[in-house]
Amino acid sequence: MKQFRNLNKEELPTGIECGVTYKTDNLTLTINPSAYLNYLLNTFISLGGTTQHVSLSHLNECIESDTDVVINCSGIHAGTLGCVEDPEVYPARGQTVIVQLPQEYVNWAFFRHCAGSSNTWSDNMTYVIPRENGEVVLGGTFNEHNYSTDVDDNIAEAIIQRCLATLGLRPCRKSGTRVEGEWITSEKFDKKILICHNYVHGGFQSSYGTAKHVIEIMEEMLEKQENESNKC
């Protein structure tokens, strides 16, 4: 924490009331989504997991005769997926710019938020996040209830000129991340199926914690169900 400090007034840009500075190499964690997701997938496969690419309109479509538990990580699609249809889920459009720079040029992170707009985040946040592979993420936007996935050249130009723009829809939920379990009955196979919901995180940083929590919920509910069956 020795390199974490509040910025002095004379160090702040015009219109900024407060700020902090810190070194990213010993105080913070940054996640490169591509590398992180590949690591998780490879770990899953190495432990015996398999994958399938399918389109689902209802959770029942992924239930087979030997299915006991379904973990629902449908993200933004939780709003329309049958058997979930969560009315609290909505998108938030995000656009960033990625540039390639040597690490010695950008070995620091920066975040600036300007309050005072009707949409708290909107286009009023600016950040610089370096990655271990030399990429630097420049941002960004967070426009709630915006369904557009088209690149906005004006926004990209406003973030930085002549860079590769990337964007996506972030899943949002009025009451926050949903991590909980519920039992449903499969009419097709006439059996109870445990559904563990784990969606709408707003970022990768909480993935390990919520995944661990899902396992705890699953084990607790399966144990309770087994005990109730034994009593019968």
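Quick note: residue numbers are just sequence positions, from 1.
Between the side chain of R131 and the main chain of P33, no donor-acceptor pair closer than 3.5 Å is present. Within the 3.5 Å criterion, the main-chain N or O of V200 finds a donor-acceptor partner in the side chain of T177. Between the side chain of E135 and the main chain of I129, no donor-acceptor pair closer than 3.5 Å is present. Within the 3.5 Å criterion, the main-chain N or O of L56 finds no donor-acceptor partner in the side chain of E61.
In terms of hydrophobic clustering, with Ile, Leu, Val, Met, Phe, Trp and Tyr side chains grouped at heavy-atom distances under 4.5 Å, I193 and F189 are assigned to a common cluster. Both I195 and V54 sit in one connected hydrophobic cluster of ILVMFWY residues. Membership requires side-chain heavy atoms under 4.5 Å apart, directly or through other members.
H77 has its side chain out of reach of V89: every pair of non-hydrogen atoms, C-beta onward, lies at least 4.5 Å apart. Counting heavy atoms from C-beta on, the side chains of N72 and L81 come closer than 4.5 Å. For the pair D86/H197, no side-chain contact is recorded, criterion being any heavy-atom separation below 4.5 Å from C-beta on. Between F204 and N32 the shortest side-chain heavy-atom distance does not fall below 4.5 Å. Put simply, the side chain of I184 reaches to within 4.5 Å of the side chain of N60, judged on heavy atoms.
If you take CG on L138 and CD on Q95, they are separated by 12.0 Å, rounding to the nearest 0.5 Å. Between R178 atom CZ and C196 atom SG the span is 10.5 Å, to the nearest 0.5 Å. The OG1 atom of T141 lies 8.5 Å from the CG atom of D152; values are rounded to the nearest 0.5 Å. Atom CG of N198 is separated from atom OG of S206 by 8.0 Å, given to the nearest 0.5 angstrom. Rounding to the nearest 0.5 Å gives a distance of 6.5 Å between OG1 of T67 and NZ of K191. A distance of 10.0 Å separates CD in Q205 from OG1 in T210, rounded to the nearest 0.5 Å.
Scanning both residues, E132 and A35, for their nearest heavy atoms gives OE2-CB, 4.5 Å. Heavy-atom minimum distance, P171 versus I76: CB-N, 3.5 Å. Considering all non-hydrogen atoms of both residues, S74 and Y199 come closest at N-CB, 4.0 Å. In terms of heavy-atom proximity, C172 sits nearest to A92 at SG-CB, 3.5 Å.
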Derivation and outcome, side-chain hydrogen bond (donor to acceptor under 3.5 Å, both in side chains), residues S148 and N146: CA-CA 6 Å; S148 173; N146 187 329; 4.6 Å; no
Trace of the side chain to side chain contact (heavy atoms under 4.5 Å, CB included) decision for I155 with R93: CA-CA 12 Å; I155 291 177; R93 182 184 185 278; 3.9 Å; yes
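Residue pairs satisfying the ring-ring contact (aromatic ring centres under 6.0 Å, His included) criterion with at least one member in residues 209-228, sequence neighbours excluded, are absent.
Just one of H145, E144, R173 meets the side chain to side chain donor-acceptor pair (under 3.5 Å) condition when paired with Y90; it is E144.
For N8, the CG atom counts as densely surrounded, since its 6.0 Å shell holds more than 12 non-hydrogen atoms of other residues, nucleotides or ligands. Within a 6.0 Å sphere centred on NZ of K212, other residues, nucleotides and ligands contribute 12 heavy atoms or fewer. Enclosure of atom NZ in K188 is not indicated, since only 12 or fewer non-hydrogen atoms of other residues, nucleotides or ligands lie within 6.0 angstrom. Within a 6.0 Å sphere centred on CD of E220, heavy atoms belonging to other residues, nucleotides or ligands number 12 at most. Sparse packing is recorded around OH of Y39, with 12 or fewer heavy atoms of other residues, nucleotides or ligands lying under 6.0 Å away.
In the hydrophobic clustering (ILVMFWY side chains linked at under 4.5 Å, chained through shared members), M218 is joined by V69, I71, V179, W183, L194, V214, I215, I217, M221, L222.
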Report all side-chain donor-acceptor pairs from residues 44-53 shorter than 3.5 Å, counting only partners two or more places apart or in another chain.
{"residue": "S46", "atom": "OG", "partner": "N42", "partner atom": "O", "Å": "3.3"}
{"residue": "S46", "atom": "OG", "partner": "T43", "partner atom": "O", "Å": "2.7"}

